[in-house]
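Below, chains carry the letters A, B, ... as their sequence lines are ordered, and counting in each starts from 1.
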2 protein chains.
Amino acid sequence: MSKCEQCIVRQFNSLKHLSKEELVRMSACKTTKIIKKGEVLFEEGEHLNGVFCIKDGVCKVSKMSENGRNQIISLVQKGNIIGERSLVSEEISNLKAVALNDMEVCFIPKEEIIRDLEKNNAFTMSVLKDMATSLKSADNLIVDMAQKTVKQRLAETLLHLHSKFDTDSEGNINIQLSREDIANIIGTATESAIRLLSEFKKNKIIEFKGKEIKILDEAALDKIIHGF
Amino acid sequence: MSKCEQCIVRQFNSLKHLSKEELVRMSACKTTKIIKKGEVLFEEGEHLNGVFCIKDGVCKVSKMSENGRNQIISLVQKGNIIGERSLVSEEISNLKAVALNDMEVCFIPKEEIIRDLEKNNAFTMSVLKDMATSLKSADNLIVDMAQKTVKQRLAETLLHLHSKFDTDSEGNINIQLSREDIANIIGTATESAIRLLSEFKKNKIIEFKGKEIKILDEAALDKIIHGF
DNA sequence: TCGAAAAGCTGACAAATATCATATTTTAAA
DNA sequence: TTTAAAATATGATATTTGTCAGCTTTTCGA
């Protein structure tokens, strides 16, 4: 069993503010899990008894709307913690998390996190700052969803994905999303997303083969985002 | 100059977790302001040097989208604190706040809040919980904006306003919003909002005279929200 | 209280997006 | 490897929403 004290992933999130002692205790109560692609980390409405620290892989966090369509709120990757929101406000989860590829995660029980939040103010402040950052992104997303066209949102999403996941040796964005996933990120029908991707391809803005997408003309995407 | 220790508004927000001593110090450094209807509390891009505790009145919090349209993110009323997000993440404000009616607010300098956050863990936890709640609402709003129709969003907004601001003796919702404000809340063109309000009126779902709006058929609104 | 400016309203039309149908390609299970 | 299911793609069409124009009503300051 690997130890939190030595875990490199910890350096990228709020857990870096924990003391040696606190980390040893965390190591003792955490459980490491392998989540296969497509498997569910937690469901909407589920009671979370802790948080997940992502050691490897990416998951999509989404919420079902009443008209039966799924909206992806964010993609969470290696180094991040997921589930703190529900834990802090002591509610059932309002979101669902599904692995986009094989993941390795550590589950840290609620009691341990709550204890650290109450004892270690630097940790609490760090979690608070993270949440403030998430809230800012969420506010920006609200404005985008309400005010931008689907085409603008697709262009924006492509650039986001590019900067967040970087590219492989061939220049393809380092994340595999189905057309449906892409549609669920930008909040549109799958057909519309496909159509716009094809249009971007025809206009030499992007290039793709299946799920491998490569950005050819970043300036053109910027132009679309900021409205001609 | 009124004292924070005796301020009733404090009971409704995180400041209730401060000690007598902390409140006395806060009283000494806070400034009370009257903000007239239409005046700006803070601008997008402005550096906030503190937070506002709202003693009376309501303000709209909005963000300009790049295509020149304004999106109202939330309405904040008596008892709430505004500006903590930017303060916590030490960034310029991403939002603008404008008074919807005459307001009385207390401005509490940044240093004072930061000091309390660092010293008083119960206060920090309370701010964290508030932010978790805001984040949940924001996530829900993202899904609504992305997945619901303008009509559904208007119906939802009317019920929200009704439950948040209650009604006067005549049964009218206790908040005065222009048609443009309503459009900016639901994320649509002013004309579209006007058209739908007229439709609701024609169908006896609501009734209005100018900015006085009264809900007649709550069940019909629910039906619209949840999709026929 | 008068008059200009702002807000509210409605129609006509254009643009964006969803839906449905169907064909093709890819994936994965037997 | 075969084959059924799922994912991708595209056309046709319907629906939703935005834009522009013109009009009426309300508001507010001189």
*On DNA chain D, nearest-nucleotide positions of A/Leu197 versus B/Arg153: which is more 5'?*
A/Leu197

*Determine yes or no for a side-chain-to-main-chain donor-acceptor pair under 3.5 angstrom, with A/Arg85 supplying the side chain and B/Ala132 the backbone.*
yes

*asked:* Looking only at the side chain of A/Ala189 (C-beta and beyond, no hydrogens), which of the listed nucleotides C/dT17, D/dT8, C/dT19 gets closest?
replied: C/dT19

*Any chance you could measure B/Ile82, atom CD1, to B/Ser93, atom OG, to the nearest 0.5 Å?*
8.0 Å

_Tell me whether the side-chain N/O atoms of A/Lys211 come closer than 4.0 Å to OP1 or OP2 in D/dA7._
no

*Quick one: is the NZ or CZ of A/Lys201 closer than 6.0 Å to the six-membered ring centre of A/Phe208, and within 45° of its axis?*
yes

*To the nearest angstrom, how far is A/Lys36 atom NZ from C/dA28 atom P?*
14 Å

*Measure from the side-chain heavy atoms of A/Ile194 and tell me the nearest of C/dT10, D/dT8, D/dT17.*
D/dT8

*Of A/Lys37 and A/Val150, whose closest DNA chain C nucleotide lies nearer the 5' terminus?*
A/Val150

*Out of C/dG8, C/dT17, D/dG18, which nucleotide sits closest to the side chain of B/Thr188?*
D/dG18

*What is the distance from CE of B/Met145 to C1' of C/dT17, rounded to the nearest Å?*
18 Å

*Provide, to the nearest angstrom, the distance between the CD1 atom belonging to B/Ile186 and the P atom belonging to D/dT16.*
15 Å

*Counting heavy atoms from C-beta on, name the nucleotide in D/dT10, D/dT17, C/dT17 closest to the side chain of A/Glu191.*
D/dT10

*Does B/Arg69 place a side-chain N or O at less than 4.0 Å from the phosphate oxygens OP1/OP2 of D/dT19?*
yes

*Send over the distance from B/Gln152 CD to D/dT17 C1', rounded to a whole Å.*
14 Å

*Integer-rounded Å distance: D/dT27 P and B/Glu212 CD*: 11 Å

*Between atom NZ in A/Lys202 and atom C1' in D/dA9, what is the gap in whole Å?*
14 Å

*Just compare C/dA12, D/dT8, C/dT19 and give me whichever is closest to any side-chain atom of B/Arg195.*
C/dA12

*Kindly compute the distance separating CD1 (B/Ile35) from CZ (B/Phe107), expressed to the nearest 0.5 Å.*
10.5 Å

*OP1 or OP2 of D/dT8 sitting under 4.0 Å from any side-chain N/O of A/Thr190?*
no

*Mapping A/Lys151 and A/Lys209 to their closest nucleotides on DNA chain C, which lands nearer the 5' end?*
A/Lys151

_Nearest-Å distance for atom pair CG/C1', residues A/Asp181 and D/dA6_ = 14 Å

*Within the pair A/Ser192 and C/dA16, is there a side-chain N or O less than 4.0 Å away from OP1 or OP2?*
no

*Looking at A/Glu170 and A/Lys214, does any basic side-chain N land under 4.0 Å from a carboxylate oxygen?*
no

*Please state how far atom CG in B/Asn67 lies from atom P in C/dA15, giving the value in whole angstrom units.*
17 Å

